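This report refers to the structure that appears directly beneath it.
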Amino acid sequence: MRRRENLKKYDASVIEEEILQKWEKEKIFSLKSKKSDPKFYMLEMFPYPSGEPHMGHARNYTIGDVIARVMSRKGKNVLHPIGFDAFGLPAENAAIKNGIHPKESTMSNIEKMRTALKRMGMSYDFSSEIITSEPGYYRWTQWLFLVLYGMGLAEKKEAPVNWCGSCQTVLANEQVISGRCERCSSPVEKKVLSQWFFKITGYAQRLLDDMEIIKDGWPERVLTIQRNWIGRSEGAVIDFSLYGKDCKGSDVTVPVFTTRPDTLFGATFFILAPEHPLVESIVVGDEYIKEVSRVKKLISGQSETERGDAETEKIGCFTGRFVINPLSGEKVPVWIANYVLLEYGTGAIMAVPAHDQRDFEFAKKYNIPIREVISPDGIVHENTGSAYTGEGFMVNSGQFNGLESVKGMKEVTSLLEKREKGRFEVNFRLRDWLISRQRYWGAPIPIVYCDRCGTVPVPEKDLPVLLPYNVDFRPTGLSPLAYCDDFVNTACPSCGGPARRETDTMDTFVCSSWYFLRYCSPHDDRAAFDSAEVDYWMPVDQYVGGIEHATMHLIYSRFFTKALFDRGLVKFREPYNNYFPHGVVNLGGAKMSKSKGNIVNPSEIYNKYGADTLRLYILFMGPADSPVDWSDSGAEGSYRFLGRFWRLINDNIGTIKKAGYTRGTAARLPGDREKELMGKLHRTIKKVTADILERFNFNTAISAIMELVNLACKYRDEVPEERKNVAIVKEVTIKLLLVLSPIAPFITEKLWMEAGNTASIHRVPWPDYDPEMAKEEFLTIVFQVNGKLRDRAELPADISVEEMEKAALASGKVKKFTEGRKIVKVITVPKKLVNVVVR
RNA sequence: GCGAGAGUGGCGGAAUUGGCAGACGCGCUAGACUUAGGAUCUAGUGGGCUAAAACCUGUAGGGGUUCAAGUCCCCUCUCUCGCACCA
């Protein structure tokens, strides 16, 4: 065995500390080069500063960092910024609990996070950091609110909204996960409140259409999630008019949305959502008033979750009133039912029990007639056990009888249109984005209410509307700002009279809907962003972050970008050309969580093994887009690899240095071992480059590097020192350092210095591979008989098909299986195999 | 229920275009060095049958296409994710 009495042990913490200081001194965190270089905007979703970064952050930021570093080394001018999504509930909740002001805790958390990110070797330009809770940032968030307000895209309206009783605030639809609060998991209730909304629904179609622009750079599954969320459905709105002269609203029409206008003749009843405003006014007679209010109470007693569950029993009652079917003229009874939702469509439906399972169940329960109007075979059937929801031929439908249902949809709607009783319509599931929050730690909505002038936007020159510092921020259901007289009372910007400020703050997703623009000119105090800079850098070339934001941040920021495009403020319609969703990091098969106590923090790992080990292992664990399970012994394996790498490079440096003054060794002609090593080196460079930049397969890139290290170790150990080809040892050593440097920036920098370099390795261009060198001289060719592997041979890579065949047929092992049988044919795949088919 | 994706050794995973299944790593076994080893190095490691070789078998299960299937097609099962009484 070799002796290494002079070799320093791989001591990650000493090395990394030294290198950090060197970087700090040389200020080389930023990857920006010059504007004439092609730009590359590498962005990772910025973190909420919760304290120490967690493993998910480490994974997210390591992936981004590696891509950014490789791109920079490939000659790109790289913008790789970091900042903090610093407004939000946790800081405020913590403040309520322990009395520390959200600003203090946020700032101290940011400090911790910044330090940790640096410690992990992230190549951020820390001088352009942004913090969304700083007035210098939220001033422009408020400005953008006013831009949207000016475009008519911000609107205060009364609507049933999601209320989280635990967080004491309203939530956007996207923040309700199966009836529960996205943040605290407590059940969400419905409340009717007047709140600020951004009219994202007006952009629903464009959010769908513009997927065309990004479809090559986004995973299909993310677009699918967004498509489902937007939930476009085509159909018709049909007006039913209320029947009855004894009521003042006899000319009232009630529109319904349906995707199946072809089933109109099968509408045997009609349902209003219990909360539908019409319910109050149409119900007459003590008997009905009593019954309806009893059922309404019953339904409102059901929680959102319960009512939203398809398993929940359908309940409802007859209102005593009727509507008129606009085509058949039939009198149709009006019911209320828990399964009809006020928020979707028009809050009313025509119920077609024969062709809708829900209506079917309801009709069965309450003995409402079921009438078949679509028949798969055109023949009228009696009593089916369930609703038929497929296509077919129209029956029981007057003049439409015999028509195919698909055509019927169009023809029925056209007729309705002609009679002004309906029209084609597209409906979306997407709701407007509720941005008001009744909480303190957010950007104040820059609006003033004046008795004389009404709702008045705060003039641009008066921004920012500062968040007051001294506030009692205990949640009461009203914004804490409402109790802050100095804040609330103001002068109307329009008439100068007394006025009150809006006291709600903005959803933090507003802050993160434009931060990618701010990064382009982070210190600009004259504008939200500098157009020239934005024109240069945007759109983001590669975005990395968790897929859990598919229907939130990723939709909101797409919407924002489109609004700004319409306003002429930006020249692009989509903010992120490419998006890569990384997978989560679990522990013991479950999500890491404080409450379960199954947490491994990045700091534990970098304190014990160093940041290089953390980075290497987190990438090596598995494909970057799938969930992975943390394993301590796996991390140790990565540490061992770095130790082996350390010894190899040190030994090689020794070999190179020694050869420097014992002339002659360098000129040795390459033999088989050298050719093998060089071939492997160049194939490795090729694979690592493609795996990182094209496939995001960091795990296979690393395994390729490991293979090369294994081979280089063999060369070191098995070839006597005096017979080594030093030129080749040198090339392998340098390029190994280069390909590992984006992944393990510390150890490679240290070894680079040991090898006698003074400039940072992170400024050295990415190595190209030589296609000639990467070629294999010999290939293992597989010989099969009837598709079964029987033999293999090392054959020259350029061997002809005929010679391959000849070699295969000459193989003893092949002969053994072909003997006495008839060779039907021989299939030869160049560079791969020969398959002899016998009978 | 609808939509999307996945299922490969003891474990994480690899196999990029249908062409050597299990790269790389963890774990394990044996050995070397050693006062010691939880450092390092060497060898082995899907299962079966073996002294060994040879051979057979093997990618959730079943069927199919093909000279050839982890990969393509059909059915079944399981898991993950998204949406979910959306009219």
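Lettering follows sequence order; numbering is per chain, from 1. Note that this is a predicted model, so its numbers are computed, not measured. These numbers come from the heavy atoms of this one structure, side chains and all, not from hydrogens, waters or symmetry mates.
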By the rule that syn is within 90° of 0, classify the base conformation of B/G38 as syn or anti.
anti
Are the aromatic ring centres of A/Phe362 and A/Phe269 under 6.0 angstrom apart?
yes
Does A/Asn228 get its side chain close enough to the base of B/C83, under 3.5 Å, for a donor-acceptor pair?
no
In this structure, which one of A/Asn650, A/Leu648, A/Leu642 forms a side-chain contact (heavy atoms from CB on, under 4.5 Å) with A/Trp646?
A/Asn650
Atom-to-atom span, CE of A/Met706 to C1' of B/C24 - whole angstrom
7 Å
Tell me: CZ of A/Arg790 to P of B/C20, nearest whole Å?
16 Å
Identify, between A/Glu361 and A/Thr224, the residue whose nearest nucleotide on RNA chain B lies closer to the 5' end.
A/Thr224
Is there a donor-acceptor contact under 3.5 Å from the side chain of A/Arg431 to the main chain of A/Arg429?
yes
Taking A/Asp356 for the side chain and A/Val352 for the main chain, is one N or O donor matched with an acceptor at less than 3.5 Å?
no
Tell me which of A/Thr551 and A/Ala348 sits closer to the 5' end of RNA chain B, going by the nucleotide each one is nearest to.
A/Thr551
Heavy-atom protein contacts under 4.0 Å, nucleotides 11-16 of chain B, coded B base, S sugar-phosphate only, - none
-BSSSB
Does A/Tyr10 have its ring centroid less than 6.0 Å away from the ring centroid of A/Phe645?
no
Between B/G25, B/A84, B/A87, which one does the side chain of A/Arg429 approach most closely?
B/A84
Measure distances between side-chain N and O atoms of A/Lys314 and base N and O atoms of B/C85, and say whether any donor-acceptor pair falls under 3.5 Å.
yes
Does A/Val824 reach a base, just sugar-phosphate, or nothing at all? Heavy atoms under 4.0 Å.
nothing
